[in-house]
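Notes for the one structure printed next.
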Protein chains: 2
Amino acid sequence: MSTKDDDQQALFVPNYLLYLLAAASEAASARFHAHVRTHGLRVPEWRVLACLTDWDGSMVTELARYAMIEQSRLTKIIIQMDKRGLVSRRSDPEDGRRVRVFLTDEGRTMAERLVADAKANERDLLNAFRDNTGKEIKQTLRTMIERLEAEAVARPAPEEPSRTGAGKARSKKTET
Amino acid sequence: MSTKDDDQQALFVPNYLLYLLAAASEAASARFHAHVRTHGLRVPEWRVLACLTDWDGSMVTELARYAMIEQSRLTKIIIQMDKRGLVSRRSDPEDGRRVRVFLTDEGRTMAERLVADAKANERDLLNAFRDNTGKEIKQTLRTMIERLEAEAVARPAPEEPSRTGAGKARSKKTET
DNA sequence: ACGGAATATATGAAAATTCATGTTTCTGGC
DNA sequence: GCCAGAAACATGAATTTTCATATATTCCGT
């Protein structure tokens with residue numbers, strides 16, 4: 001027993017919280033993300049559609065936060081989705097700087113179908129962890145996120161890049 | 001009360017398991033990832049270093065699995081890290097196809113420092129959830145990953161792209 | 001009403017990532 | 001030993017993503 005894949009005795013990675021979170025997220029999402037791709041959408045696009053089912057007409061910046069996509073990137077994705085007819089962009093009459101994003105009929109159709117699929121998939125997932133593993137996982141994660149985000153604004157992270165001087169952060173374009 | 005940020009009553013996204021997992025992962029990692037960048041490393045590079053502290057000398061394919069990075073991408077990242085002197089690549093004498101990756105002294109120094117920082121950061125995180133939120137979170141995630149990966153090999157995901165025929169998956173390069 | 005500071009998005013160029021496929025090196029029969 | 005097929009990496013071209021900044025509006029204080 002235990003010839004392959006180490007017994008991960010005192011290994012760092014397999015027991016590191018951030019790794020476990022990332023790996024769990026990946027593992028749990030893999031199947032559905034593949035499903036999304038069969039519909040001709042990339043994951044970020046699916047996220048946009050999903051967010052719009054909840055917050056149709058929200059502005060780019062908001063959408064970026066909801067969908068966890070950086071603003072500049074989201075702008076480009078939205079422009080593509082617009083050309084493709086999944087969403088429409090209209091500048092806010094109240095504030096000319098803002099661009100509000102709406103689902104088109106086609107976009108809504110696709111969004112609603114995928115959300116339904118997502119819910120079904122989620123049911124299966126939670127079901128597989130019926131015992132207790134998945135029992136309070138959602139609440140746990142919610143609490144986790146809340147606290148972390150609250151802390152993020154409260155304690156905006158220090159700097160301290162160098163310690164011994166060996167690992168000098170290279171300001172983007174140094175060397176090569 | 002509840003003017004901003006909705007009461008997320010029956011909203012989909014804020015209660016969707018896959019969203020919660022991704023968001024929790026992001027929120028939990030944000031600070032440390034920023035720390036990593038101040039050391040002139042990108043997240044994937046940090047992952048490689050971390051994995052090598054556990055599995056120094058592993059082959060590219062293994063490393064890719066451990067670090068959750070696609071092979072082709074990892075190859076490119078490793079080549080860069082090699083040039084930069086963080087790792088060294090040597091073809092396996094036992095099997096010429098394989099390329100084994102090792103930490104250089106410099107790489108090990110940086111890796112060990114960051115792993116120490118990561119552990120300290122993890123302590124803080126788990127500490128902040130001392131109550132019970134973070135109590136069994138790790139075990140929960142571990143179980144989750146195990147089951148999901150087991151299931152992934154057992155039930156290799158079906159196909160079923162179209163349902164009504166509306167959302168035809170576009171095979172990469174169809175339409176502009 | 002004016003100018004400076006904020007906000008909200010858009011953009012461009014450089015770098016990274018993806019996908020499909022090419023190479024090279026083993027493996028297992030025959 | 002020889003060969004088809006598999007395995008492990010590397011590559012190239014097309015796309016995406018990133019980062020820094022430009023642009024356009026709105027806000028505010030005076």
Side-chain angles (χ1 to χ4, degrees), chain A residues 4 26 30 33-34 36-38 40-48 55 57-84 87-102 169-176, chain B residues 4 26 30 33-34 36-38 40-48 55 57-84 87-102 169-176:
Chain A
K4 189 57 160 58
E26 279 236 338
H33 284 177
V36 165
R37 284 184 217 99
T38 69
L41 288 181
R42 282 166 302 164
V43 174
E45 295 170 329
W46 143 244
R47 286 187 172 152
V48 168
W55 302 286
S58 54
M59 46 186 280
V60 175
T61 304
E62 292 170 341
L63 208 47
R65 186 153 26 74
Y66 295 145
M68 307 191 288
I69 300 175
E70 188 266 334
Q71 179 266 314
S72 162
R73 172 141 89 108
L74 179 59
T75 289
K76 291 171 182 172
I77 291 173
I78 284 176
I79 290 176
Q80 287 180 161
M81 294 178 77
D82 186 342
K83 287 182 188 165
R84 189 163 157 190
V87 304
S88 73
R89 312 186 301 147
R90 326 179 200 154
S91 80
D92 188 325
E94 306 268 296
D95 184 336
R97 294 168 302 179
R98 300 179 174 174
V99 170
R100 298 203 166 272
V101 187
F102 298 84
R170 302 167 313 159
S171 58
K172 185 159 195 189
K173 265 152 212 154
T174 303
E175 127 182 352
T176 300
Chain B
K4 189 57 160 58
E26 279 237 339
H33 285 177
V36 165
R37 284 183 217 98
T38 68
L41 288 180
R42 282 167 301 163
V43 173
E45 294 170 330
W46 144 243
R47 286 187 171 152
V48 168
W55 303 287
S58 54
M59 46 186 280
V60 175
T61 303
E62 291 171 341
L63 208 48
R65 186 152 26 77
Y66 295 146
M68 307 192 288
I69 300 175
E70 187 266 334
Q71 179 266 315
S72 162
R73 173 142 88 106
L74 180 59
T75 289
K76 290 171 183 172
I77 291 173
I78 284 175
I79 290 175
Q80 286 180 163
M81 292 177 78
D82 185 342
K83 286 182 188 164
R84 190 163 156 189
V87 304
S88 73
R89 312 188 299 148
R90 327 180 200 154
S91 80
D92 188 326
E94 306 268 296
D95 184 336
R97 294 169 300 179
R98 301 179 174 174
V99 169
R100 300 203 166 271
V101 186
F102 298 85
R170 302 166 313 158
S171 58
K172 184 159 194 189
K173 261 148 216 159
T174 303
E175 121 185 358
T176 327

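Below, chains carry the letters A, B, ... as their sequence lines are ordered, and counting in each starts from 1.
Look at NE2 on A:His33: it is 14 Å from P on C:dT18, rounded to the nearest Å. Rounded to whole Å, the distance from CD1 on A:Ile77 to P on C:dA10 is 13 Å. Between the C1' atom of C:dA16 and the NZ atom of B:Lys83 lies a distance of 14 Å, rounded to the nearest Å. A straight line from CG of A:Asp92 to C1' of D:dC27 spans 16 Å, rounded to a whole angstrom. Rounded to whole Å, atom P of D:dT17 lies 11 Å from atom CZ of A:Arg47. A:Arg65 places its CZ atom 14 Å from the P atom of C:dT7, with the value rounded to the nearest Å. Distance CE (A:Met68) to C1' (D:dT17): 16 Å, rounded to an integer number of Å. The nearest whole Å value for the distance from the CG atom in A:Leu63 to the C1' atom in C:dT9 is 13 Å.
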Problem set entry | Protein-to-nucleotide contact annotation, 5' to 3' order, nucleotides 4-12 of chain D [B base; S sugar-phosphate only; - none; under 4.0 Å, heavy atom] | --BBSBBBB

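Considering only residues two or more places apart in sequence or on other chains, B:Arg42 meets the side chain to side chain donor-acceptor pair (under 3.5 Å) condition with B:Glu45. Listed by chain and residue number, B:Asp95 satisfy the side chain to side chain donor-acceptor pair (under 3.5 Å) test with B:Arg97 (two or more places apart in sequence, or in another chain). Not counting sequence neighbours, the partners of B:Val99 by the side-chain contact (heavy atoms from CB on, under 4.5 Å) test are B:Val60, B:Arg89. Looking at residues two or more places apart in sequence or on another chain, you find no side chain to side chain donor-acceptor pair (under 3.5 Å) involving A:Ser58. Qualifying side-chain contact (heavy atoms from CB on, under 4.5 Å) partners for B:Arg90, counting only residues two or more places apart in sequence or in other chains: B:Ser88, B:Phe102. For A:Ser91, the side-chain contact (heavy atoms from CB on, under 4.5 Å) test picks out no residue, with sequence neighbours left out. Judged as a side chain to side chain donor-acceptor pair (under 3.5 Å), and not counting sequence neighbours, the contacts of B:Arg100 are B:Asp92.
At the phosphate of C:dA16, OP1 or OP2 sits under 4.0 Å from a side-chain N or O atom of B:Gln80.
An end-to-end axis angle of 30° holds for the helix from C:dA1-D:dT30 to C:dC30-D:dG1, taken from five base pairs per end and rounded to 10°.
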